[in-house]
Amino acid sequence: MNSAQIIVGCMKDAGTNVPVVALSLATPQEAQEVASIILRCQNGSKPFSLGPAVYVGDTQIRVTVLEANPYYVEIDARKDPRHLTSAYYVMSPVPPQTAEPFLKLFELVGHYVLTVAVSENPALEMLDLVKYVIYRKKFREETLSH
């Protein structure tokens, strides 16, 4: 499986803008595989008995923004937070011109969607997690040099 590239941005949903973090993969098969791993790790609940599989309240999938230029975003999915090993982990750079509007919109609305994408096109039918926490850290250059 190829590694995912993390993209952040905003999408229109029911007439409003929603911040989005997406793991962009090259093929639908890769996106479905990653979505399956994340769905097995997440511990949110599906609030609607009918309609699309939207999960809210997950605390197992951690999204962290490292503030630098460019920003770095990491996604760490663990089945159990006490485990040292991640079921899925990816980190990638995100340009300030997309990261900063995303972070401002998140602060305004208080949630974002975590999903997968195929060639940067979100695939909410595969993964649709509504998340309420983004961890933020100041990026230290020496972190990558060790």
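Nothing fancy with the numbering, it's 1 onward along the sequence.
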Quiz item: Do Tyr55 and Ser45 have side chains that get closer than 4.5 Å, going by heavy atoms?
Solution: no
Self-check item: Shortest non-hydrogen separation from Pro70 to Val94 and the atoms involved
Solution: CB-O, 3.5 Å
Quiz item: Side-chain contact, heavy-atom cut-off 4.5 Å: Lys131 with Ile61?
Solution: yes
Quiz item: Just checking, is any N or O donor in the side chain of Thr59 or Asn43 under 3.5 Å from an acceptor N or O on the other one?
Solution: yes
Quiz item: Would you say the side-chain atoms of Tyr72 and Glu67 include a donor-acceptor pair closer than 3.5 Å?
Solution: no
Quiz item: Taking all atoms of both residues into account, what is the closest heavy-atom pair of Ala117 and Ala31, and its distance?
Solution: O-CB, 4.0 Å
Quiz item: For the residue pair Ala53 and Lys46, what are the closest heavy atoms and their distance?
Solution: CA-CE, 3.9 Å
Self-check item: Beyond-backbone contact of Val8 with Val20, side-chain heavy atoms, under 4.5 angstrom
Solution: no
Exercise. Could you label the plane-to-plane angle of the Tyr112 and Phe102 rings as parallel, tilted or perpendicular, counting under 30° as parallel and over 60° as perpendicular?
Key: perpendicular
Quiz item: Measuring from Met126:CE to Leu39:CG, what's the distance to the nearest 0.5 Å?
Solution: 11.0 Å
Quiz item: Hey, what do you get for CG (Leu114) to CG (Asp58), rounding to the nearest 0.5 Å?
Solution: 8.0 Å
Practice problem: Find out whether Lys137 and Thr64 are in side-chain contact, i.e. whether some heavy atom of one side chain is under 4.5 Å from a heavy atom of the other. | Solution: yes
Quiz item: Going by heavy atoms in the side chains, are Met91 and Asp76 under 4.5 Å from each other?
Solution: no
Practice problem: Might you work through the side-chain contact (heavy atoms from CB on, under 4.5 Å) test for Leu23 and Tyr88, ending with a clear yes or no? | Solution: CA-CA 11 Å; Leu23 294 154; Tyr88 187 80; 4.1 Å; yes
Practice problem: Determine yes or no for a side-chain-to-main-chain donor-acceptor pair under 3.5 angstrom, with Glu33 supplying the side chain and Gln29 the backbone. | Solution: no
Practice problem: Check the pair Tyr71, Glu100 against side-chain contact (heavy atoms from CB on, under 4.5 Å), reporting the backbone distance first and the verdict last. | Solution: CA-CA 9 Å; Tyr71 286 73; Glu100 290 168 2; 3.1 Å; yes
Quiz item: How long is the span from the CG atom in Asn17 to the SG atom in Cys10, to the nearest 0.5 Å?
Solution: 6.0 Å
Quiz item: How far does CG of Leu127 sit from CD of Gln32, to the nearest 0.5 angstrom?
Solution: 9.0 Å
Exercise. Return yes when atom NZ of Lys104 has more than 12 non-hydrogen atoms of other residues, nucleotides or ligands closer than 6.0 Å, and no otherwise.
Key: no
Exercise. Compare all side-chain heavy atoms of Leu25 with those of Val34 and state whether any distance is below 4.5 angstrom.
Key: yes
Quiz item: Which pair of heavy atoms, one from Ser24 and one from Ile7, lies closest together, and at what distance?
Solution: CB-CD1, 4.3 Å
Quiz item: Stepwise, does the side chain to side chain donor-acceptor pair (under 3.5 Å) test hold for Tyr135 with Glu74?
Solution: CA-CA 10 Å; Tyr135 296 91; Glu74 70 177 3; over 6 Å; no
Practice problem: Kindly indicate whether the side chain of Leu103, heavy atoms from C-beta on, has any atom under 4.5 Å from the side chain of Arg136. | Solution: yes
Quiz item: Given Thr115 and Asp128, is the side chain to side chain donor-acceptor pair (under 3.5 Å) satisfied, shown in steps?
Solution: CA-CA 5 Å; Thr115 190; Asp128 193 345; over 6 Å; no
Quiz prompt | Interatomic distance, Ile75 atom CD1 to Ser92 atom OG [nearest 0.5 angstrom] | solution = 7.5 Å
Quiz prompt | Reported CD-to-NZ distance for the pair Gln42 and Lys79, which is rounded to 0.5 angstrom | solution = 8.0 Å
Quiz item: Counting distance only, does the side-chain N/O of Thr27 pair as donor-acceptor with the main-chain N or O of Glu30 below 3.5 Å?
Solution: yes
